[in-house]
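Everything below concerns the one structure shown next.
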Amino acid sequence: MRKPAILVTGANGEMGHGLIRALSQSGGQPIVGLDIQEADAGLKPALTESIIGNILDQNVLDSINSRYEISAIYHLAALLSTRAEFSPQIAHQVNVDGTLNLLSLAVDQARSHGRAVKFFFPSSIAVYGIPDGISKSEIGAISEDQYLFPQTMYGCNKRYCELLGVYHARHYQRLAADAGTFRVDFRAIRFPGLISAVTQPAGGTSDYASEMIHAAAEGRPYDCFVREETAMPFMTMPDAIRAITELMDAPADEVDQRIYNIRAFNPTAADLKRAVERHFPGAVVNFDVDPNRQAIVDSWPSDVDQSAAQRDWQWKPGDDFDSAFVRYLVPAIKAH
Ligand code: SER
């Protein structure tokens, strides 16, 4: 007998920690975690099984397929944007081939138990690419279908996987004899930069916000790798986790757009520095620009239009820029 479960890939990552806690507190089905690293001790009690394995290893996925009856997959495993520029082929394998493997697992599961498998995919602001010479302030808040010309391997991977997900949800094997009898209910959020008080990102380009805050909290000086006037959208990790659970809980016919922008605030790096100095007296933040990482952030919009998420699943960020520090980051980092 296969056991009912939810599968979370990238379980030990920045987002996996918060999501697994939230899913386990909501008391749903048992959670199976998959990650190339062993899950942290703090995560294990929330997992029915913690599998150390690679999403590119078909044996690992076959074993999961044979032992569990999966109702939802949260596919978080990925290489982030800066790291992907150093290893584009590996990024493509992990980010694209890995996602295709998980979508295939969802199809196999839906076929075998006859119910739709929900599939959450964390997409990214990196799917956008604003060409040089176009002013971001003139574009303003960008909608889901504008400027989809990513300039990074990670952005290309995320955009293609969005399309793969929608294809699996709407058209996959429509010529097959059993077409229409299995369904992958794909849902994606294009996240802005995420800031957590507990975990730190690894290999992303929006990492300067988290790095600046955590360095200040630990009394270390920080050299920010983008210019002071650089602005991009961000949100706190608890808001991001809540967004995932709200989108996944929404009735399928109300989230038919399947891919949604969200954000909470879009400070400049100078705004971040000022907030960090206010909340962590003695913080030292300097600017030492890395032109390549700067170019990546320059290709991302400074704001996104989240009206579709507000309309379809009543999305609302919990924290603005000030309350993110006062209510969440400062107390949680100090407690941590
Ligand atoms: N935070 C990600 C990165 O910087 C973007 O989604 O790579």
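As the structure lists them, so they are numbered: ligands from 1, and atoms in each ligand from 1.
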Give the atom numbers and elements of ligand 1 that come within less than 4.0 Å of a heavy atom of [X].
X	answer
L80	7 (O)
S81	3 (C), 4 (O), 7 (O)
S124	5 (C), 6 (O)

Cation-aromatic face contact R111/F182, 6.0 Å, 45 degrees: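 Yes, R111 lies over the aromatic ring of F182.
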
Ligand 1 N/O within reach of T205 N/O, cut-off under 3.5 Å: yes

W300 to ligand 1, any heavy atom closer than 4.0 Å: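 Yes, that is the case, since the closest heavy atom of the residue is under 4.0 Å from the ligand.
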
Heavy atoms from other residues, nucleotides or ligands near CZ of R83 exceed 12 (cutoff 6.0 Å):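 Open.
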
Residues S112 and R2: side-chain donor-acceptor under 3.5 angstrom: yes

Polar contact flag, side-chain donor to acceptor under 3.5 angstrom, D62-Q58: yes

Aromatic centroids of Y147 and Y128 separated by under 6.0 Å: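 No: the rings miss the under 6.0 Å criterion.
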
Part of S206 within contact of ligand 1 (heavy atoms, under 4.0 Å):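 Answer for S206: both.
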
